[in-house]
Number of protein chains: 4
Amino acid sequence: MSESAKKRPGRPRSIESDRAILQATIDLLIEVGFTHMSIDAIAARAGVGKSTIYRRYSSKEELIADAIESLREELVIPDTGSFWGDIDSLIESAAQLTLNPLGKQTVAMIISTALTNPQFAQMYWRKYLQPRRQAFAIVLERGKQRGELQADANSDLFFDTISSIMLYASVFPPNAESWGTYVRRVLDFLFRDKMPNGLTNSG
Amino acid sequence: MSESAKKRPGRPRSIESDRAILQATIDLLIEVGFTHMSIDAIAARAGVGKSTIYRRYSSKEELIADAIESLREELVIPDTGSFWGDIDSLIESAAQLTLNPLGKQTVAMIISTALTNPQFAQMYWRKYLQPRRQAFAIVLERGKQRGELQADANSDLFFDTISSIMLYASVFPPNAESWGTYVRRVLDFLFRDKMPNGLTNSG
Amino acid sequence: MSESAKKRPGRPRSIESDRAILQATIDLLIEVGFTHMSIDAIAARAGVGKSTIYRRYSSKEELIADAIESLREELVIPDTGSFWGDIDSLIESAAQLTLNPLGKQTVAMIISTALTNPQFAQMYWRKYLQPRRQAFAIVLERGKQRGELQADANSDLFFDTISSIMLYASVFPPNAESWGTYVRRVLDFLFRDKMPNGLTNSG
Amino acid sequence: MSESAKKRPGRPRSIESDRAILQATIDLLIEVGFTHMSIDAIAARAGVGKSTIYRRYSSKEELIADAIESLREELVIPDTGSFWGDIDSLIESAAQLTLNPLGKQTVAMIISTALTNPQFAQMYWRKYLQPRRQAFAIVLERGKQRGELQADANSDLFFDTISSIMLYASVFPPNAESWGTYVRRVLDFLFRDKMPNGLTNSG
DNA sequence: CGGTAAGCGAGACGGTACGTCGCGTCTTAAG
DNA sequence: CTTAAGACGCGACGTACCGTCTCGCTTACCG
């Protein structure tokens, strides 16, 4: 890691520029969206030369991937005292991330890049989803110990299912009810039977 | 009730050009992908002037949406004799549609357009998913009558769940097993308990 | 079937369309000029189909040539009683033809077509300038008979010189005096000595 | 007094590109003419991007005006020892400039632009004709001092007349004699009487 | 402490694709 | 057989970005 860290000659790269580039990228992503965003516009908004961007990122896609990466929330593991309360908390924070314009752009970008570029999909999976999947195992384990869940409940499939529903509901938003209500209703439908005591929707 | 189809004056638009444009679009979508496909190239390949394209579609996006629309399969309702056999059949045909390069491009295009443009999402839902959801109700009903399913199984949520899983598995392909195997495994996990006799994975 | 046509069969060409096409052409020539005038616009303005124009004229140039042709004044030979009075009258009518926007466009069109296309130049010369040159011979002859001019004055060169000056003054308008005043001043300079009694500028 | 020549930031415009663009423009003007010349073709021939052209010129017309400007000959004042010899020399060099295809295109362009656009006419007059008119005053002055001309000969009108005749003869070339012969004949006709000793046409 | 090497804002560069417009031709139905 | 309407193939237009390449300057460090 320390490989030539400080011994590179010449002027070091400006941290201020790093920051300004990412901020301008995010701003424009929100304002005009991925497609209509130009590198020239980012450079102008950031008060930076284009070469300063291209020195850091070799393409528009890479820049945007990094900008989104920089936004990512800290991974927090909810602990409300009940399994369903934890799920509710996860739904709530997913809703906050996803249901604003930037969130939609972000999801669109990730999905369409992932579908086009398998390497990106894998990278994203490894760096973002995998940790959350593992964190979810903890939530599920606590549920088991509280006797809220059957002992053989599969954490990974549980997580994937929740993620699937959320993604689907983001792409095709239900028009009769809210995103969160719909997501809860589907999960209720799927998992009610897996809860020894049934399950109370907190909607 | 004819929608003024033939009373417009002047030379009618060429159906042959319609067809050639869509075919060229699909060919190039497969060969070079959405991003690297140019209208000029489509026009050249179709043996058509650019204006003939722009007379029909006001942008690249619109053209591609229509090209994809034109590809869509006839809606077929499987009837294999068992509910799980029908599901298998649905998974199989979804796999065929989705797992080739064009299919991925198509899904990417639909998802990212849908996330960006809610009207498109709604239109797509109404014209494509809704009919399939209704067709699925028939499959499920047959399962109930055969006693394979609980009488209260909710067809819509069932369908949405299956769709969700498939979408998710398309975006983030499992790396240890095949797409179809993974999809079946998740459905098995979710619905096994809803089958009075249990359920035998045909994998 | 066997009935042979005595007259030309089919619908005769519309004289009204002939007229409307030329009028629309002239109007647009004045309003937007040769370069920015489109056949589509002429057809629309004339309330006529494009093919109706192309049945009559094989190109934009031909149409405009005919439109200009249709505008041309009757050839009138002035007879004011004095040679210089006649010249004044010619200058006056040339000014009226030339110094409005249409006139300038017309001159521009004629000159640039003539320079590009020798056949047009020759045609224009033969059909327009030649007759006026011959008419001028009459004016000059009357001047000789009145003793206003030397007996050996060459009518053709006289005419050409006057035309030359007028053309030059149209292209590079004098900025200190009016077109007509300038033209008269040059002619005075050139021809004063050729008048036995000198010459009185009527300016 | 330096016009901020070198203090503009950023990469300076390439002089090599300037040159290549003008050369390609002139080449194509000669080969295919004004109307059939495309900016794309100029860019390709010059080995330059279209934007490099449009950064310098906002339209085809402006580019061609500059290309022609760049061709213009050095102003040379003939001094053959006799006034008529000097005139002959002027006619000769005008003929060389004017009577080839490029020359005709050039004249056509100048005339038709001048008639359409008074600012261009004035600019052209000021930058091209005015200096030549002043140079001609020197030629005429020498003629006076040699006693070849009357002392009151007006240099400006003299020059304008010569220019007029030349322009007219370019637009409507005489068909019985050469351009030069015709021009000389008209000048002979007009100015013979202004020469104390008469004048000998060198034709 | 002065040289050297990289980074910097600015902006021009060769390209590619865009969506528009005009040309002159072709195809309808109506007259 | 012409007409009005308008679609057609073609090809140029001028614009917008791409990712690269100079410019003339900082800004560090290293000898």
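Not measured: the values here are computed from a predicted model. In what follows, every chain begins at residue 1, and chains take the letters A, B, ... in the order their sequences are listed.
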Walking DNA chain F from its 5' end, the first of M37(D) and D18(C) to be reached, judged by nearest nucleotide, is D18(C)

When you check the gap from the basic side-chain N to the acidic O, do R56(C) and D18(C) get nearer than 4.0 Å? yes

- Please lay out, stage by stage, how Q23(A) and D27(A) fare under the test side chain to side chain contact (heavy atoms under 4.5 Å, CB included). CA-CA 6 Å; Q23(A) 190 55 54; D27(A) 290 354; 2.9 Å; yes

R45(A) and E31(A), any side-chain heavy atoms less than 4.5 Å apart = yes

Comparing K60(B) with G10(B), nearest DNA chain E nucleotide closer to 5' gives the residue K60(B)

- Distance check: side-chain N/O of S14(A) vs OP1/OP2 of dT27(F), anything under 4.0 Å? no

Atom CD1 of I21(B) and atom C1' of dC8(F) are separated, to the nearest Å, by 11 Å

Against the side chain of D40(C), the closest entry in dG6(F), dG22(E), dC8(E) is dG22(E)

So, with a heavy-atom separation below 4.0 Å from DNA chain F, the residues of residues 45-59 of chain B are G47(B), V48(B), G49(B), S51(B), T52(B), R55(B), R56(B)

Beyond-backbone contact of I26(B) with S70(B), side-chain heavy atoms, under 4.5 angstrom: yes

In whole angstroms, the gap separating C1' of dG19(F) from CD1 of I64(A) amounts to 15 Å

Whole-Å distance, I39(C) CD1 to dC23(E) C1', equals 8 Å

Separation of dG22(E) atom C1' from I42(C) atom CD1, nearest Å, is 12 Å

Rounded to whole Å, CD of E16(C) lies from P of dT2(F) at a distance of 18 Å

Evaluate the side chain to side chain contact (heavy atoms under 4.5 Å, CB included) criterion for residues I42(C) and L63(C): first the C-alpha distance (whole Å), next the side-chain angles of each, then the deciding distance (0.1 Å), finally the verdict.
-> CA-CA 10 Å; I42(C) 293 170; L63(C) 163 58; 3.7 Å; yes

**Report entry** N or O in side chain of R11(D) less than 4.0 angstrom from dT22(F) OP1/OP2
**Finding:** yes

In short, L22(B) meets A67(B) closest at the heavy-atom pair CD2-CA, 3.6 Å

